[in-house]
Every structure is written in C-alpha cells, then in structure tokens.
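All values derive from a computational prediction rather than experimental measurement. By convention here, the first residue in the shown sequence is residue 1. Note that these values count all heavy atoms, side chains included, but never hydrogens, waters or copies made by symmetry.
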Amino acid sequence: MGVGSHLVAWITDYLTGRPQYVRLGDCRSDTVASSTGAPQGTVLSPVLFTLYTSDFQYKSEFCHVQKFADDTAIVGCIRSGQEDEYRELIKDFVTWCDLNHLLLNTTKTREMVVDFRRPRPHPEPVIIKGDCVEVVHTYKYLGVQLDDKLDWTANTDALCRKGQSRLYFLRRLASFNICKKLLQIFYQSVVASALLYAVVCWGGSLKKKDAARLDKLEVNMMDMIWIVMIKDKTIMLKRT
C-alpha cells in the first residue's frame with residue numbers, strides 16, 4: 001500500500017502491548033497486556049479497521065458488498081429465484097472473516113427481503129455457522145430506518161419521535177427567555193440536523209401523510225422561535 005516503514009512500526013507499537021485493567025469502586029483487576037484489536041474511542045481505530053478489511057471487495061451486476069467501518073451489508077438483486085451468487089457471497093465473506101481472525105456476531109445479523117410480489121414467497125433462511133439469520137421487516141442501517149416496503153414510514157416515525165423530544169428541549173429553552181439567536185443555533189445544530197439526516201435518500205419518496213407529519217413538526221418548532229422573536233421585540237419596545 002506504499003506505507004513507510006516508520007509508520008508501520010509506529011502503528012505496530014500502537015496496537016501491541018497495551019496495558020489494560022478494570023476498576024470497580026476501590027477494586028482493581030490485574031494489568032493485562034493486550035495485543036489484539038484496536039482501542040475503542042480513538043480516531044485512528046476506524047481508519048485502521050477500514051484498511052484491514054479493504055481487501056474484501058465484491059461488486060457485480062446483481063450483488064455487492066457495502067462497508068462502513070464495522071458495518072457491512074451484503075446487497076443482492078435476485079431474479080427468477082437465482083440466489084446462488086448471493087448465498088455464495090455470504091459464504092465467502094464468512095470464510096474470509098475466519099481466515100482474518102474476525103468474529104461475526106450472528107445474533108446481530110439481520111436479513112431484510114424487499115419483494116413486491118403478491119403473494120410473497122417465503123425465502124430460504126440464511127445460515128451462518130449453524131445460526132439462522134433472522135428476517136426482519138425494518139432495520140436501522142447507518143442511522144436510517146429501512147423497511148421491506150421502501151415507503152419510509154418507519155423512518156418518518158423515528159424522525160417524529162426525535163423531533164418531539166427535541167421540541168421539548170426547545171420549549172424549555174424558550175421558557176428561560178433564551179435569545180432568538182441561541183434558539184436558532186439550537187434548532188439548526190440539534191433539531192434540523194436530525195430531521196434532515198440522509199434526506200437525499202428518503203426526501204423524494206415520502207408519502208403525502210408522512211411529509212405532512214414532518215412539515216407540521218417543523219412548523220411547530222419555527223412557531224416557537226417566532227414567539228421568542230416577538231417577545232424580544234416587545235421587550236425592546238418597552239425599554240425604548
């Protein structure tokens with residue numbers, strides 16, 4: 001990969017011989033030197049993990065591997081019941097993980113089937129190391145709620161719950177007579193960032209009722225800010 005020897009030596013020293021111990025109250029365990037895995041909570045660890053797993057790649061007309069740090073999704077388009085490539089890709093990925101000392105958590109592995117046929121056939125379950133992968137109707141992937149109907153209702157439900165909780169904090173801030181500038185900063189950084197997350201994926205495919213729910217929530221929040229702005233102007237008029 002063209003990495004210098006000094007950088008390789010530094011990374012090796014960073015990953016090996018790390019002293020660790022557990023402390024609970026006044027009790028402390030013995031110190032153990034760890035030389036496996038990457039430290040959690042560091043900026044470098046996701047980069048190193050991405051480099052470590054970069055050699056497993058697959059992309060064809062009907063199947064591909066989508067990776068983001070330690071979240072890996074195998075996507076397959078199955079036509080006329082031809083699942084061989086999809087299932088062979090899963091098998092190859094499991095084998096690659098074993099050869100590279102990576103443990104798959106099959107209890108957190110899920111399969112979601114998008115099929116608009118009527119009636120929907122029951123697909124053959126995916127088996128990984130003797131465990132049957134659970135088939136789900138909704139799944140949260142990289143912060144977005146996906147469902148097997150691709151109508152984004154589940155994602156809208158999650159956004160409305162987030163928005164309602166943030167609307168509560170917005171009201172609390174307004175009750176403390178916070179100035180409009182700070183409220184606008186809170187709205188843009190905490191509220192709008194959550195409501196508009198990945199909007200390029202779901203924004204153009206919303207149902208009318210789901211779009212109306214989000215519009216109503218945003219109107220309520222903007223009304224809250226306008227009320228504070230009116231209060232600020234009233235206070236300024238009284239002072240003058």
Side-chain angles (χ1 to χ4, degrees), residues 43 46-47 49-50 53-54 57-79 86 89 108-118 120 123 133-174 178-230:
V43 177
V47 178
F49 186 85
T50 301
T53 59
S54 62
Q57 299 180 13
Y58 188 92
K59 185 176 182 180
S60 69
E61 183 180 359
F62 299 110
C63 294
H64 75 273
V65 176
Q66 185 73 37
K67 293 189 293 185
F68 184 85
D70 60 344
D71 277 318
T72 301
I74 296 177
V75 183
C77 178
I78 298 172
R79 296 180 178 178
Y86 170 68
L89 177 56
K108 293 184 178 180
T109 303
R110 301 290 185 270
E111 183 183 35
M112 189 174 69
V113 180
V114 179
D115 192 345
F116 298 107
R117 291 177 295 177
R118 293 290 183 271
R120 294 182 60 173
V133 175
E134 180 185 358
V135 178
V136 295
H137 298 291
T138 61
Y139 184 73
K140 185 178 181 181
Y141 182 65
L142 300 181
V144 178
Q145 290 285 348
L146 305 173
D147 59 55
D148 57 2
K149 297 179 181 178
L150 298 182
D151 61 5
W152 303 108
T153 299
N155 189 63
T156 304
D157 293 339
L159 290 177
C160 287
R161 288 193 296 269
K162 276 185 181 180
Q164 290 293 346
S165 64
R166 284 159 174 74
L167 180 59
Y168 167 77
F169 291 113
L170 194 62
R171 286 173 175 161
R172 290 290 293 170
L173 287 175
I178 301 296
C179 68
K180 64 177 182 180
K181 184 176 181 179
L182 288 179
L183 284 180
Q184 289 174 340
I185 293 174
F186 180 85
Y187 173 78
Q188 293 294 336
S189 59
V190 178
V191 180
S193 61
L195 294 180
L196 299 179
Y197 176 74
V199 67
V200 295
C201 298
W202 51 263
S205 305
L206 279 182
K207 291 181 177 180
K208 288 185 178 180
K209 63 177 183 179
D210 291 332
R213 292 165 59 193
L214 292 177
D215 289 342
K216 183 179 179 181
L217 183 61
E218 187 172 3
V219 167
N220 290 337
M221 293 182 179
M222 295 308 297
D223 286 345
M224 184 66 61
I225 296 176
W226 276 108
I227 290 172
V228 174
M229 292 174 65
I230 293 172

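- Closest of all the heavy-atom pairs between His137 and Met112 is O-SD, 3.7 Å.
- The side chain to side chain contact (heavy atoms under 4.5 Å, CB included) test applied to Arg118 returns Arg120, not counting sequence neighbours.
- Ion pairing between a basic and an acidic side chain is recognised when a charged N comes within 4.0 Å of a carboxylate O; Asp115 and Arg117 show such pairing.
- We find the NZ-OG distance between Lys162 and Ser193 to be 8.5 Å, quoted to the nearest 0.5 Å.
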Could you please spell out the steps behind the side chain to side chain contact (heavy atoms under 4.5 Å, CB included) verdict for Val65 and Thr72? CA-CA 7 Å; Val65 176; Thr72 301; 3.8 Å; yes
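- Panel note: side chain Ser205, backbone Trp202; no donor-acceptor pair is recorded below 3.5 Å.
- What you find for Phe186 and Arg166 is that their closest heavy atoms are CE2-O, 4.0 Å.
- Residues Asp147 and Asp151 form a side-chain contact, since some pair of their non-hydrogen atoms from C-beta on lies under 4.5 Å apart.
- When all heavy atoms are compared, the tightest approach of Ala154 to Thr138 is CB-CG2, 4.0 Å.
- Under the rule for a side chain to side chain contact (heavy atoms under 4.5 Å, CB included), the partners of Phe68 that lie at least two apart in sequence or sit in another chain are Leu142.
- The two atoms that bring Ser60 and Tyr58 nearest to each other are OG-CE2, 3.7 Å, heavy atoms only.
- Nearest approach of Tyr141 to Asp71, heavy atoms of both residues: OH-O, 4.0 Å.
- For the atom pair Glu218 CD and Leu214 CG, the distance stands at 8.5 Å (nearest 0.5 Å).
- Side-chain contact between Phe169 and Val191 is absent, with no heavy atoms from C-beta onward closer than 4.5 Å.
- Across Arg213, Lys207, Lys208, a single residue satisfies side chain to side chain donor-acceptor pair (under 3.5 Å) together with Asp210, and that is Arg213.
- Residues Leu217 and Leu195 are in side-chain contact: their nearest non-hydrogen atoms beyond the backbone lie under 4.5 Å apart.
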Starting from the C-alpha separation in whole Å, work towards a yes-or-no answer on side chain to side chain contact (heavy atoms under 4.5 Å, CB included) for Val144 and Trp152. CA-CA 9 Å; Val144 178; Trp152 303 108; 3.6 Å; yes
